[in-house]
Amino acid sequence: MPVLAGAEPFHHEGGEVAVLLCHGFTGSPQSLRPWAEHLAEHGLTVSLPLLPGHGTRWEDLRMTGWQDWYAEVDRELRLLCERRETVFVAGLSMGGALALRLAAKHGDAVRGVMVVNPANKVHGLAAHALPVVRHLVPATKGIASDIAKPGSRELGYDRVPLHAAHSLRQFFQATDGELPQVTQPVLLMRSPQDHVVPPADSARILGRISSTDVKEVILEQSYHVATLDHDADRIHEESLAFIGRIASGLGKEPGLGKEGTTAGG
């Protein structure tokens with residue numbers, strides 16, 4: 001199936017500091033595109049891949065699982081690390097969980113983690129029924145576009161395939177057990193009014209990671225997809241400040257202001 005217009009991956013060759021961005025479950029790179037472009041405009045090397053099963057139709061997602069999604073970002077991280085010595089990972093929602101697992105698995109190869117409304121659990125009594133219900137019901141209503149800003153829309157599926165939701169639940173369980181392995185500096189940005197991921201997920205993550213350099217930012221004016229919401233500029237500013245501080249502490253120039261080449265839709 002062709003990729004939906006606007007859901008294409010984004011890549012930019014900039015300076016010596018790189019950022020890998022991971023989008024969320026049933027979403028697409030479109031939800032993080034402004035964030036990626038802002039980092040690129042400030043001279044950073046940026047990779048924002050399209051996860052398998054996403055950006056086309058929900059039926060395609062039904063045929064994939066968390067191992068496929070993680071393998072894609074793991075591959076992108078390895079490619080970035082071949083070209084750049086200082087690499088950060090970032091993500092929204094499930095993408096935040098992907099970023100945290102990359103940090104746990106790759107250790108010092110990841111210099112810092114930036115997450116927005118990171119997810120840690122599939123909530124509700126229905127989650128426990130997924131192993132059975134997924135064989136009876138193909139999909140349920142979508143979770144995309146939880147945004148407070150009028151006129152702003154997330155390009156995501158209007159249905160959630162339950163096979164994929166079951167796999168997502170397994171991924172969260174696996175990643176939760178690996179959170180103590182996260183030791184890198186962490187910037188966690190969350191919305192108090194989030195209709196997809198409750199505050200308990202961020203609290204759980206902050207309580208389990210081993211990082212000592214942690215900053216929590218509250219996005220008061222946004223819902224779940226804060227990267228397309230009223231607080232998008234705040235996310236951009238906080239991210240650049242975080243990257244600049246960590247990179248400078250490593251004796252690296254963030255590469256801010258340098259031009260580069262961009263690829264993407």
**Q** Would you say Ile205 and Leu179 make side-chain contact, with heavy atoms under 4.5 Å?
**A**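 Touching, per the 4.5 Å side-chain cut-off.
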
**Q** Tell me whether Asp60 is salt-bridged to Arg57, with the criterion being a basic N under 4.0 Å from an acidic carboxylate O.
**A**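 A salt bridge is present here (some side-chain N lies under 4.0 Å from a carboxylate O).
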
**Q** Without swapping roles, check the side chain of Asp201 against the backbone of Lys121 for a donor-acceptor pair under 3.5 Å.
**A**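 The answer is yes, because a donor-acceptor pair under 3.5 Å joins these two groups.
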
**Q** Would you call Val116 and Leu219 a side-chain contact if the rule is heavy atoms closer than 4.5 Å?
**A**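 When only atoms from C-beta onward are counted, Leu219 and Val116 do touch, with a gap below 4.5 Å.
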
**Q** Any side-chain donor-acceptor pair under 3.5 Å between His230 and Ser222?
**A**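 No, no side-chain donor-acceptor pair sits under 3.5 Å.
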
**Q** Report the C-alpha distance between Arg234 and Glu237 in whole Å, list the side-chain angles of each, state the deciding distance to 0.1 Å, and finish with yes or no for salt bridge (charged side-chain N to carboxylate O under 4.0 Å, His left out).
**A** CA-CA 5 Å; Arg234 177 91 185 275; Glu237 293 164 5; 5.8 Å; no

**Q** As a quick check of understanding, evaluate side chain to side chain contact (heavy atoms under 4.5 Å, CB included) for Phe88 and Ile246, giving each step before the final call.
**A** CA-CA 10 Å; Phe88 292 79; Ile246 302 302; 3.7 Å; yes

**Q** Please check: side-chain N/O of Gln184 versus main-chain N/O of Gly112, any donor-acceptor pairing under 3.5 Å?
**A**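 Between the backbone of Gly112 and the side chain of Gln184 there is no qualifying donor-acceptor contact (under 3.5 Å).
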
**Q** Tell me whether Ile218 is reachable from Leu92 by hopping between hydrophobic residues (I, L, V, M, F, W, Y) whose side-chain heavy atoms are closer than 4.5 Å.
**A**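 Unlinked, Leu92 and Ile218 end up in two clusters.
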
**Q** Check whether Asp231 reaches the backbone of Ala226 with its side chain - one donor and one acceptor, N or O, closer than 3.5 Å.
**A**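 Checking the backbone N and O of Ala226 against the side chain of Asp231, no donor-acceptor pair under 3.5 Å is found.
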
**Q** Calculate, to the nearest 0.5 Å, the distance between atoms NE2 and NE2 belonging to His236 and His42 respectively.
**A**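 Going from the NE2 atom of His236 to the NE2 atom of His42 covers 10.5 Å.
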
**Q** Are the side chains of His11 and Glu76 in contact, using a 4.5 Å heavy-atom criterion?
**A**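 Counting from C-beta outward, Glu76 and His11 do come under 4.5 Å.
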
**Q** Check the pair Arg159 / Glu59 against side chain to side chain contact (heavy atoms under 4.5 Å, CB included), numbers first and verdict last.
**A** CA-CA 9 Å; Arg159 304 289 290 170; Glu59 290 89 348; over 6 Å; no

**Q** Membership question, hydrophobic clusters at under 4.5 Å side-chain separation (ILVMFWY): are Trp58 and Leu4 in the same one?
**A**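 In one cluster: no.
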
**Q** Hey, does the side chain of Asp146 reach the backbone of His195 with a donor-acceptor pair shorter than 3.5 angstrom?
**A**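 Here the side-chain-to-backbone pair exists.
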
**Q** Sub-3.5 Å donor-acceptor pair from the side chain of Asp176 to the main-chain atoms of Gln173, do we have one?
**A**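 Checking the backbone N and O of Gln173 against the side chain of Asp176, no donor-acceptor pair under 3.5 Å is found.
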
**Q** So does Gly6 get a backbone contact from the side chain of Glu8, meaning a donor-acceptor N/O pair under 3.5 Å?
**A**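 Yes, the answer is positive, given that a donor and an acceptor are paired below the 3.5 Å cut-off.
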
**Q** Would a distance-only check, ignoring hydrogens and angles, find a side-chain to backbone donor-acceptor pair under 3.5 Å from Arg83 to Leu79?
**A**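 Yes, Arg83 side chain to Leu79 backbone: donor-acceptor pair under 3.5 Å.
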
**Q** If I compare all heavy atoms of Glu220 with all of Gln193, which pair ends up nearest, and what's the gap?
**A**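 Closest approach of Glu220 to Gln193, heavy atoms only: O-NE2, 4.1 Å.
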
**Q** Return the CH2 to CZ distance between Trp66 and Phe25, rounded to the nearest 0.5 Å.
**A**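 These two atoms lie 14.5 Å from each other.
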
**Q** Under a 4.5 Å side-chain heavy-atom rule over Ile, Leu, Val, Met, Phe, Trp and Tyr, are Leu50 and Leu168 clustered together?
**A**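 Different hydrophobic clusters.
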
**Q** Within the distance-only criterion (no hydrogens, no angle test), does the side chain of Ser191 pair as donor or acceptor with the backbone N or O of Tyr223 below 3.5 angstrom?
**A**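 Such a contact is found between Ser191 side chain and Tyr223 backbone.
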
**Q** Would you say the side chains of Asp233 and His38 form a donor-acceptor pair under 3.5 Å?
**A**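 Not at all, the side chains of Asp233 and His38 share no donor-acceptor pair under 3.5 Å.
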
**Q** Do Leu188 and Val214 share a hydrophobic cluster (ILVMFWY, side-chain heavy atoms under 4.5 Å, transitive)?
**A**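 Looking at the clustering, Val214 is in the same group as Leu188.
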
**Q** Closest heavy-atom contact between Arg153 and Leu228?
**A**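 Distance-wise, the nearest heavy atoms are O-CD1, 3.7 Å.
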
**Q** Can you confirm whether the side chains of Ser202 and Arg190 place a donor and an acceptor under 3.5 Å from each other?
**A**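 The answer is no; no qualifying pair exists.
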
**Q** Write down the atom of Ala144, the atom of Glu154, and the distance for their closest heavy-atom approach.
**A**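 That would be CA-OE1, 3.4 Å.
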
**Q** Looking at every heavy atom in both Pro29 and Leu48, which two are closest together, and how far apart are they?
**A**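 So the minimum-distance heavy-atom pair works out to O-CD2, 3.4 Å.
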
**Q** Find the distance between CG (Leu20) and CZ (Arg75) and round it off to the nearest 0.5 Å.
**A**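 It comes to 10.5 Å.
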
**Q** Test side chain to side chain contact (heavy atoms under 4.5 Å, CB included) on Met114 and Phe242 and set out the steps.
**A** CA-CA 9 Å; Met114 302 173 290; Phe242 177 79; 3.6 Å; yes

**Q** Heavy atoms, side chains only, cut-off 4.5 Å: are Lys105 and Leu77 in contact?
**A**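 Not in contact.
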
**Q** Is the closest side-chain heavy-atom distance between His106 and Arg78 below 4.5 Å?
**A**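 Result yes, sub-4.5 Å side-chain heavy-atom pair found.
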
**Q** Atom CG in Leu32, atom OG in Ser93: separation rounded to 0.5 Å?
**A**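 The CG atom of Leu32 sits 10.0 Å away from the OG atom of Ser93.
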
**Q** Would you name the heavy atoms of Leu51 and Trp69 that are closest together and state the gap between them?
**A**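 That would be CD2-O, 3.7 Å.
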
**Q** Can you spot which of Val115, Leu98, Leu100 makes a side chain to side chain contact (heavy atoms under 4.5 Å, CB included) with Cys22?
**A**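 One option only clears the test, and that one is Leu98.
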
**Q** Got Pro52 and Met63 here, is their nearest side-chain heavy-atom distance under 4.5 Å?
**A**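 SC-SC contact between Pro52 and Met63 ruled out.
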
**Q** Could you tell me whether the side chain of Gln30 and the main chain of Leu155 form a donor-acceptor pair under 3.5 Å?
**A**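 Looks like yes, one N/O pair under 3.5 Å.
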
**Q** To the nearest 0.5 Å, what is the distance between CZ on Phe172 and CZ on Arg204?
**A**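 Phe172 CZ to Arg204 CZ: 13.0 Å, rounded to 0.5 Å.
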
**Q** When rounded to the nearest 0.5 angstrom, what distance separates CD in Gln181 from OG1 in Thr175?
**A**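 Rounded to the nearest 0.5 Å, the CD-OG1 separation comes out at 10.5 Å.
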
**Q** Determine the interplanar angle of the Tyr157 and His54 rings, folded into 0 to 90°, and report it as parallel if under 30°, tilted if 30 to 60°, perpendicular if over 60°.
**A**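 Geometry flag for His54 against Tyr157: parallel rings.
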
**Q** As a quick check of understanding, evaluate side chain to side chain contact (heavy atoms under 4.5 Å, CB included) for Glu16 and Thr86, giving each step before the final call.
**A** CA-CA 7 Å; Glu16 291 305 310; Thr86 305; over 6 Å; no

**Q** Without swapping roles, check the side chain of Thr227 against the backbone of Ser31 for a donor-acceptor pair under 3.5 Å.
**A**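 Indeed, once roles are kept as given, a pair shorter than 3.5 Å links the two residues.
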
**Q** Verify the cluster assignment for Phe10 and Leu240: are they in a single hydrophobic cluster under the rule of side-chain heavy atoms below 4.5 Å apart?
**A**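 Same hydrophobic cluster.
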
**Q** At their closest point, which heavy atom of Gly15 faces which heavy atom of Arg84, and how far apart are they?
**A**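 What the structure gives for the nearest pair is O-NE, 2.6 Å.
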
